[in-house]
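Contents: one structure, followed by commentary.
Scope of the values below: all heavy atoms of this structure, side chains included, with no hydrogens, waters or symmetry mates. Chain naming here is simple, since letters A, B, ... match the order of the sequence lines and numbering starts at 1 in each.
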Number of protein chains: 2
Amino acid sequence: MTGDGSDMRDRPGAGQRGETLLFLTDEHLRKGIEAMFFAYRGFTADPDRILESYSYGRAHHRALHFVHRSPGTTVNNLLGILGVTKQSLNRVLRALIDDGLIESRVGHTDKRERHLYLTERGSDLESALSDAQRARMRAAFRSAGPEAVAGFRAVLEAMMDPEMRRRYLSLSEGGH
Amino acid sequence: MTGDGSDMRDRPGAGQRGETLLFLTDEHLRKGIEAMFFAYRGFTADPDRILESYSYGRAHHRALHFVHRSPGTTVNNLLGILGVTKQSLNRVLRALIDDGLIESRVGHTDKRERHLYLTERGSDLESALSDAQRARMRAAFRSAGPEAVAGFRAVLEAMMDPEMRRRYLSLSEGGH
DNA sequence: GTATTAAGTCAGCCTTGTTGACATTGCCAG
DNA sequence: CTGGCAATGTCAACAAGGCTGACTTAATAC
C-alpha cells in the first residue's frame with residue numbers, strides 16, 4: 001500500500017497532466033499531516049499558558065470564544081458548534097457562569113432556551129486569550145504573505161466535515 | 001465583513017501598502033483561528049473512527065505514525081517529537097509493544113537506548129490509519145490546488161514553535 | 001392534554017495528560 | 001574501579017475533558 005504518489009513522482013516520462021499532480025504524492029500528504037500536528041500545538045500554546053493561571057482549560061476557552069463570537073447564542077447552538085455532549089459543555093458552562101464570566105438569560109420568545117452572553121469579566125478573559133492567539137496567527141500570516149493565507153484557508157476549509165464547514169461559513173454571515 | 005479575500009480583490013482605489021496588509025485584520029485572524037479549530041476536527045475524524053474498533057486512541061496513532069516515519073527512533077527522540085512526559089508515552093508504548101504492534105530493540109552502540117520498529121501488524125494498522133487520513137488530505141489538496149497547498153504549508157510552518165519547526169523540518173531530511 | 005424539546009444534573013467510566021518518587025542498567029570520566 | 005549521569009521503565013495519584021445512561025423540570029407544539 002502507501003502507493004499512490006510515489007509512482008508518479010519517479011516517472012520521468014510523465015506528461016504535464018501528471019506533473020501538475022505532484023503535490024498529491026504521499027510524501028506531500030504526509031508532510032501536510034505532520035504540519036497540522038505540529039502547527040496545532042503552536043496554535044493552542046499561548047492561550048493554554050494563560051489558562052493555567054486560572055483553573056480553566058481549553059474547553060473553557062472554546063466556550064468563551066464562541067459566546068463572544070455569537071452573543072446570545074443558545075446552549076443548543078453552542079453544542080452543535082463545539083461538537084460535544086451537553087454534559088461536557090454543561091460542566092464547563094456551569095463553571096463560567098458561577099464564576100461570573102458568562103451570563104445566561106432566559107429566552108424571550110421561547111422561554112426554554114437560555115441565551116449566553118459574556119459579562120465584562122468574561123470579555124476581559126476572552127480578549128486576553130484572543131490577543132495571544134491572534135498575535136501568533138498574525139505573525140504567521142505576515143511571514144507567509146496574503147496569497148499563502150488564502151491557500152491556508154482554502155485547504156483548511158476543504159478539510160472540514162461538510163456540516164462543520166457549513167457552520168464555519170455561517171459564523172461570518174450573520175456577522176456583527 | 002465576513003469578507004475574506006473579497007475586500008482586497010474588490011477595492012480598486014486602495015493604495016498598495018494598505019492593500020497588502022488587509023489580510024492581517026482581526027477579522028481575518030479570527031477566521032483563521034476558527035478554520036484551524038474546525039479543520040483539526042476533520043483532520044482527526046477518520047482515524048478516530050478506525051481506532052474505536054481497537055481499544056486505542058489518538059495517542060496510539062501518533063506513536064505509530066512517528067515510529068513508522070522514523071523506524072529505529074529511540075524513546076527519547078519520540079518524547080521530544082510528541083511533547084509529552086515519558087510516563088504518558090510509556091503507557092501508550094507498553095500497550096503497543098504488548099499487543100505486538102511495535103518492537104523494541106536494545107541499542108547496538110548504546111545499550112541503554114531502545115530502538116522502536118513497527119511489526120507487520122503494527123504496519124498494517126498504521127497503514128489503515130494513514131490511508132484514511134491521507135484520503136481526506138488528498139481530497140482537500142486536490143480541491144484547493146497546488147498553490148493553495150504551498151500557502152497552507154507556509155502558514156502552518158510559521159505557526160509552529162521554533163523547536164517544533166526544527167523537528168518538523170528535520171523529519172524530511174534524513175529521509176528513509 | 002399529551003408528546004416533544006431545551007436545559008440541567010447525577011453518577012460513573014475512559015483516555016490522556018500531569019507530578020513525584022524510585023529502580024535498573026549502562027556509559028563515561030576521573 | 002567507582003561515582004555520577006543518562007535512558008528507560010514503573011508505580012501511584014491526580015486532573016481535564018471527553019463519553020453514556022438515566023432522570024427532572026419547564027415550556028412549547030400539536
(message) Please give me every residue in residues 38-52 of chain A whose heavy atoms get under 4.0 Å of an atom in DNA chain C, ordered by residue number.
(response) none
(request) For B/Y56 and B/L64, run side-chain contact (heavy atoms from CB on, under 4.5 Å): C-alpha distance rounded to whole Å, both residues' side-chain angles, the deciding distance at 0.1 Å, then the answer. (result) CA-CA 11 Å; B/Y56 296 142; B/L64 288 173; 5.7 Å; no
(request) Give a yes or no answer on whether the side chain of A/S104 reaches the backbone of A/R114 with a donor-acceptor pair at less than 3.5 Å. (result) no
(message) Reading DNA chain D from 5' onward, which residue's closest nucleotide shows up sooner: A/L89 or B/N77?
(response) B/N77
(request) Summarise how protein sits on nucleotides 22-30 of chain C as a single string, 5' to 3': B when a protein heavy atom is under 4.0 Å from the base, S for sugar-phosphate-only contact, - for no contact. (result) ----BS---
(message) Reading DNA chain D from 5' to 3', where do the contacts with chain B start and stop? Cut-off is 4.0 Å to heavy atoms.
(response) D/dA6 to D/dC11
(request) Can you tell me which residue pairs pass the side chain to side chain donor-acceptor pair (under 3.5 Å) test with a partner in residues 124-135 of chain A, sequence neighbours excluded? (result) A/S130-A/R134, A/D131-A/R134, A/R134-B/D26
(request) Kindly say if A/N76 contacts the phosphate of C/dA7, meaning a side-chain N or O under 4.0 Å from OP1 or OP2. (result) yes
(request) May I have the distance from A/E113 (atom CD) to C/dG8 (atom C1'), rounded to whole angstrom? (result) 15 Å
(request) Strictly below 4.0 Å, heavy-atom distances to any atom of DNA chain D: list the hits from residues 57-65 of chain A, or just say none. (result) A/G57, A/R58, A/A59, A/H60, A/R62
(request) Identify whether any heavy atom of A/R91 sits under 4.0 Å from a base atom; if not, whether one sits that close to sugar-phosphate; answer base, sugar-phosphate or nothing. (result) base
(message) Under a 4.0 Å threshold between the charged nitrogen and the carboxylate oxygen, would B/R30 count as salt-bridged to B/E27?
(response) yes
(request) Report yes if the side chains of A/N76 and A/E113 come closer than 4.5 Å at any heavy-atom pair, otherwise no. (result) no
(request) Mind checking side-chain contact (heavy atoms from CB on, under 4.5 Å) for B/A158 and listing every partner two or more places apart, or none if nothing turns up? (result) A/A140, A/S143
(request) For the pair B/H60 (side chain) and B/G57 (backbone), establish whether a donor and an acceptor sit closer than 3.5 Å, ignoring hydrogens and angles. (result) yes
(request) Check the distance between C/dT16's C1' and B/L96's CG and give it to me in whole angstrom. (result) 14 Å
(request) Give the rounded distance in Å between these two atoms: CD of A/Q87 and C1' of C/dC14. (result) 15 Å
(message) Distance check needed: C/dT16 P versus B/L93 CG, whole Å only.
(response) 13 Å
(message) So, using side-chain hydrogen bond (donor to acceptor under 3.5 Å, both in side chains) as the criterion, who are the partners of A/T74 when residues are at least two apart?
(response) none
(request) Not counting sequence neighbours, list each pair that qualifies as a ring pair (Phe, Tyr, Trp, His ring centres under 6.0 Å) and has a residue in residues 124-159 of chain B. (result) B/F141-B/F152
(request) Would you mind listing every salt bridge (Lys or Arg N to Asp or Glu O under 4.0 Å) that reaches into residues 78-103 of chain A, with sequence neighbours excluded? (result) A/E103-A/R105
(message) Suppose the criterion is ring pair (Phe, Tyr, Trp, His ring centres under 6.0 Å): which pairs have a residue in residues 109-128 of chain A, not counting sequence neighbours?
(response) A/H108-A/H115
(message) According to salt bridge (Lys or Arg N to Asp or Glu O under 4.0 Å), does anything in residues 159-168 of chain A pair up with another residue at least two apart or in another chain? List the pairs.
(response) A/D161-B/R136, A/E163-A/R166, A/E163-A/R167
(request) For A/F37, check ring-ring contact (aromatic ring centres under 6.0 Å, His included) against everything at least two apart and list the hits. (result) B/F66
(message) Any side-chain N or O of B/T85 below 4.0 angstrom from OP1/OP2 of C/dG17?
(response) no
